[in-house]
Structure formats: structure tokens, C-alpha cells
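First the structure, in the form of C-alpha cells, and then the observations on it.
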Amino acid sequence: MSEKHDVTGASTTGHVWDEDLADFTNQPPKWWMLGLAASGIFVVIYWLYYPSIPLPSSNTHFKGVGGWTAVKEMEADKGDVDAVRGKYELKLKNMTPAAILADNDLTEYVKRSGKVLFGDNCAGCHGTNGVGAKDKEGLIAPILNDDDWLYGGKIDDIHTTITGGRQGMMPAHKDSLSAQQIDDVAKYVKAMSDQGKDKADVDSAIAAGKKVFMESDCIACHGADGKGMQAMGSANLTDKVWRFDSSLEAVKYTITYGVNSGDPKARIAIMPNFKEAGKLSDSEIKKLAVYVYKFGGGQADAAVAPAQAAATAPATVSAK
Ligand code: HEC
Ligand code: HEC
């Protein structure tokens, strides 16, 4: 029941909202109608081109005339990524970790893939970013982002650690030392860490412990200076960094039962071997060595200047 609007004279539906506010019967603008038609056509083309309509017969769908699949698209993307990566991967295959470190561009690339590798293979024991992870017995594995190293913090040391694994060995002393001697020597070890080696040496209250330290087997591995030897991963006992725990009880426990000593109560400290076990490729191990080095604790190799390292790289890298 079309009517005319009082004021404008335009056709209305006859429905009046309020005084002169009425529903007009004007057509929508042409551009709007064209847009509507165009979007309808677009939908039909889209349906036909891409996989879309489910088919009733089986658990399938209309595949689309374009042959597009998500898998194909992913592979194309992956191809692009591989093309960029390939350049770097090829390069680092024949470089030593030291040479990679000397190349800023490559180091940046390696750090990025190292992060993923570390998360997948190492963080469970060493914590995200190497900050350490604990279970009820304390640190599962050494902290990697400090400059305290059992086996050395030079790039080649770190590379060797990851390649071959590490397993420090300290014998149990429950049979070779008396309970008193273990108590004494533990106090001396703690004092070397807490008050420093020089003060501990002149502290008469712990002289008995020093005597045990110097006269039993301790110095064979930890050295007369207590600083440890990286070749065997014997901890530095004079710094404030504890691999296990700093309490007197924990120190006595380590001395009593040892580390990886075969004693049923020994502390276990095994860094797995990632190369022989085939868990990581050579390139992946190199990436991880650089990544760990770059946590901040890596130590410069004074003997080899970066440029020299790069120059000797192909010669020193092994065939594999
Ligand atoms: C199952 C636990 C475990 C996993 C997984 C593990 N580690 Fe270790 N890692 C250890 C332990 C334990 C030690 C110390 C060994 C020792 O005390 O003799 C260690 C030592 C190290 C050291 C030497 C630290 C030092 O102070 O000299 C480096 C470097 C290292 N790990 C890197 C890695 C990297 C990189 C990965 C991953 C590819 C990794 N670890 C995976 C347990 C683990
Ligand atoms: C055969 C070598 C060897 C002998 C002998 C030895 N140690 Fe050790 N000791 C080690 C190694 C290796 C470690 C580090 C274990 C690890 O983290 O893998 C260690 C670790 C320790 C720790 C733990 C340090 C920390 O940071 O938590 C203490 C304490 C210690 N030794 C004291 C002694 C004392 C005291 C003696 C002598 C009674 C002794 N050790 C004899 C090799 C030895």
C-alpha cells in the first residue's frame, strides 16, 4: 500500500514510525546492486576453483578445477624457505664452528635454528636458554649461560662436549675415608668456595680438612689449587658455583658416594652423546655449539684469531 510522503513527496511503504519519519521505497544505489551481483559471481567461481562442496556419496568433497591443495601450497612455501636456507646450510657444512662464529651473518642464521634444536634436544636437562633445570636432587645438568665450565667454554670444547657427550667420574670415598675425614674435608671444600682459597688455607679451624684434601686423592683430579681440570671435568671447588648443591650435607654426599662412580647411591651426571647415537647431524651439532657459545659464557680462543680460523676451516674439518 504505497503512499506519498507528506514533506518529500517520495513513495513510502505506508508505515510511519513517527510523525514524518517513514519507510521509503527507494531502490538501493546502482553501485550497491552491482557489488551484490559481483560478489555472487565471485562465490560461484571460488567454489568451482577451490576444493569446496562436500559430496554426499563418500567421505570426500569436490576437488575444485584449480587443483589447489593446502599441502601443495605448504610445499611451495617450504621450497622458498629451503632456497634461502640452502645457501647457508651448504656454506656451514664445510666450516668449523670457530669459522662460523667469525662470520656474523652465518652466526645470526645459526642462532635462529639453534634455538629450535636446543629446545627439542637440550632444554629438558639444561633449561630454556641454558639457565638450568632442577629436579628434586638439584640441577639436572650444568647451567650453560654462565662462564663457569666443567669441560671448557671455548667453541671447540663445547663442540666436543655435544659431539661425544661427557661423563665426569669422581670415586666414592665411603671406604677410603672415615666419616670424620669426610666431614673435615667437606668443610674445607665449602670454605674454599665461601671464603676463598687463600683464607681457607690459613683457617686453623679447618686445617684437618685441608690435610685430608692434600693427602687423599682429591688433588689428583681437582688440583692442589682446587680449581679442577677441564680435561676430566672435575669441578672448580674454589668458585661459588656449585654443580650440585652448596649445603654441607650435599657436599658430604658427593664426597661419600662420588659421581658416576658405580656406587648405587652415586650422583649421576651424564651428558648424552649426540653424534654416535645419530640424534643430530654434524651441521646441527655445529649450530648448537655456536648457539650455546652465544649464551654469553663462551670463551675466546686466544690462540686462533677469527680470520685465521676462517682461513684454516676447510683444512681442519674432518671428512664427515
Ligand atoms: C639427559 C640430560 C641432558 C641432555 C638431554 C643434554 N645434556 Fe648437556 N649435560 C648434561 C649433564 C649431566 C652434563 C654434565 C656432565 C658432567 O657433569 O660430567 C652436561 C654437560 C653439558 C655441557 C658442558 C658444560 C660444562 O660446564 O662444560 C654442554 C656444553 C652441554 N651439556 C650442552 C648440551 C647440548 C647442546 C645439549 C642438546 C644437544 C645437551 N647438552 C643435552 C645433561 C644433558
Ligand atoms: C677421579 C677424579 C676425582 C677425584 C679423585 C675426586 N674428585 Fe671430586 N669431582 C670430580 C669430578 C669429575 C667432579 C664433577 C662431577 C660432574 O659434575 O660431573 C667432581 C665434583 C666434586 C664436588 C662437587 C662440586 C660441585 O660443584 O657441586 C665436590 C665437592 C668434590 N668433587 C670434592 C672432592 C673431594 C673432597 C675429593 C677428595 C676426597 C674429590 N672430590 C676427589 C673428580 C674427582
Side-chain angles (χ1 to χ4, degrees), residues 114 117-127 130 132-133 135 138-155 157-174 176-177 181-182 184-190 192-193 209-210 212-223 226 228-248 250-261 266-275 277 279-280 284-293 295 297-299:
L117 288 169
F118 193 87
D120 289 351
N121 296 285
C122 325
C125 290
H126 289 285
D135 63 10
L139 276 180
I140 301 169
I143 290 169
L144 299 178
N145 70 349
D146 60 12
D147 55 4
D148 187 68
W149 297 93
L150 286 169
Y151 297 96
K154 296 197 176 109
I155 183 68
D157 299 331
I158 299 173
H159 185 252
T160 305
T161 296
I162 306 170
T163 306
R166 300 280 196 187
Q167 195 164 329
M169 206 291 284
M170 166 160 159
H173 290 86
K174 63 184 200 308
S176 58
L177 297 177
Q181 284 173 312
I182 289 177
D184 289 342
V185 77
K187 284 181 179 144
Y188 174 66
V189 168
K190 258 191 77 62
M192 281 199 285
S193 172
K210 184 185 175 195
V212 177
F213 191 82
M214 300 307 285
E215 289 174 7
S216 81
D217 60 356
C218 314
I219 55 172
C221 297
H222 293 284
M229 296 174 196
Q230 292 189 338
M232 50 176 101
S234 49
N236 181 347
L237 303 177
T238 65
D239 57 14
K240 289 186 166 25
V241 181
W242 291 91
R243 164 68 179 88
F244 300 108
D245 191 82
S246 62
S247 71
L248 183 65
V251 173
K252 279 165 72 172
Y253 190 99
T254 307
I255 299 169
T256 307
Y257 300 109
V259 182
N260 298 328
S261 62
R267 293 191 187 279
I268 302 298
I270 299 173
M271 163 70 194
N273 173 332
F274 277 88
K275 186 182 156 84
K279 282 187 230 148
L280 295 173
E284 286 170 329
I285 291 176
K286 282 190 239 178
K287 287 178 189 172
L288 279 164
V290 171
Y291 181 70
V292 168
Y293 184 96
F295 280 148
Q299 294 160 351

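The structure displayed is predicted, hence computed values, not measured ones. Values below: every heavy atom of this structure, side chains too, minus hydrogens, waters and symmetry copies. Counting convention: from 1, in listed order, for ligands and their atoms alike.
Atom NE2 is the N/O/S atom of H222 found closest to atom 8 (Fe) of ligand 2.
Of the protein's heavy atoms, S234 CA, 3.5 Å lies nearest to atom 11 (C) of ligand 2. Of the protein's heavy atoms, N121 O, 3.3 Å lies nearest to atom 5 (C) of ligand 1. The protein heavy atom nearest to atom 27 (O) of ligand 2 is F244 N, 2.9 Å. Among protein heavy atoms, atom 18 (O) of ligand 1 sits closest to Y151 OH, 2.5 Å. The closest protein non-hydrogen atom to atom 15 (C) of ligand 2 is V259 CG1, 3.8 Å.
For H126 (side chain) and P142 (main-chain N/O), a donor-acceptor pair under 3.5 Å exists by modelled atom type. Not one N or O on the side chain of W149 forms a donor-acceptor pair closer than 3.5 Å with the backbone of Q230. Counting only distance, with no hydrogens or angles, the side chain of T238 and the backbone of S193 share no donor-acceptor pair below 3.5 Å. Looking only at distances, no side-chain donor or acceptor of Y151 sits under 3.5 Å from a matching main-chain atom of A231. For the pair T163 (side chain) and K275 (backbone), a donor-acceptor distance under 3.5 Å is absent. Side-chain N or O atoms of N260 include none that pairs as donor or acceptor with a backbone N or O of M169 at under 3.5 Å.
When all heavy atoms of Y257 and K174 are compared, the pair lying nearest together is CE2-CD, 3.9 Å. Contact between S261 and A266 at its shortest, heavy atoms only, is OG-CB, 3.2 Å. Between S234 and M229, the closest heavy-atom pair is OG-N, 2.8 Å.
At least one N or O atom of R243 sits closer than 3.5 Å to an N or O atom of ligand 2.
Applying the 4.0 Å criterion to heavy atoms of L150 picks out, from ligand 1, the atoms 17 (O), 25 (C), 26 (O), 27 (O). Shown in contact with C221 at under 4.0 Å from a heavy atom are these atoms of ligand 2, numbered in order with element: 1 (C), 2 (C), 3 (C), 4 (C), 5 (C), 42 (C), 43 (C). Applying the 4.0 Å criterion to heavy atoms of A269 picks out, from ligand 1, the atoms 12 (C), 15 (C), 16 (C), 17 (O), 18 (O). Every atom of ligand 1 with a heavy atom of I270 under 4.0 Å away is listed here by number and element: 10 (C), 11 (C), 12 (C), 42 (C). Numbered from 1 in the order shown, with element, the atoms of ligand 1 that lie under 4.0 Å from a heavy atom of L288 read 38 (C). Close contacts of ligand 2 with S216, meaning ligand atoms under 4.0 Å from a residue heavy atom, involve 37 (C), 38 (C). Taking every heavy atom of M232 and a limit of under 4.0 angstrom, the matching atoms of ligand 2 come to 12 (C). Of all atoms in ligand 2, listed by their number and element, those nearer than 4.0 Å to a heavy atom of W242 are 25 (C), 26 (O), 27 (O).
Looking at Y291 against ligand 1, nothing comes within 4.0 Å, counting heavy atoms. Counting heavy atoms closer than 4.0 Å to ligand 1, residue Q167 contributes backbone atoms (N, CA, C, O) but none from C-beta onward. Contact annotation for I140 and ligand 1: only backbone heavy atoms (N, CA, C, O) come within less than 4.0 Å of the ligand.
With Y293 as reference, I158 is the one residue of L144, D157, I158 to meet the side chain to side chain contact (heavy atoms under 4.5 Å, CB included) rule.
One finds the SG atom of C218 at 13.0 Å from the NZ atom of K210 (value rounded to the nearest 0.5 Å). Residue T160 holds its OG1 atom at 6.0 Å from CZ of R166, rounded to the nearest 0.5 Å. Distance CH2/W242 to OG1/T254: 8.0 Å, rounded to 0.5 Å. Here the CD1-SG distance, from I162 to C122, works out to 6.5 Å after rounding to the nearest 0.5 Å. Here L280 contributes atom CG and L288 contributes atom CG; the two are 6.0 Å apart, rounded to the nearest 0.5 Å. One distance of note links CD1 of I219 with CE of M214; it measures 5.0 Å at 0.5 Å rounding.
Here atom 8 (Fe) of ligand 1 has protein N, O or S atoms under 2.8 Å from it, and they come to 2.
The closest non-hydrogen atom to atom 24 (C) of ligand 2, taken over L237, V251, V189, T254, comes from L237. Between the choices G226, G168, C218, the shortest heavy-atom distance to atom 38 (C) of ligand 2 belongs to C218.
Note on M170: counted as a metal contact of atom 8 (Fe) of ligand 2, an N/O/S atom lying under 2.8 Å.
Look at G233 and you'll find a heavy atom under 4.0 Å from some atom of ligand 2.
Ring geometry for F118 versus F295: interplanar angle over 60°, hence perpendicular rather than tilted (30 to 60°).
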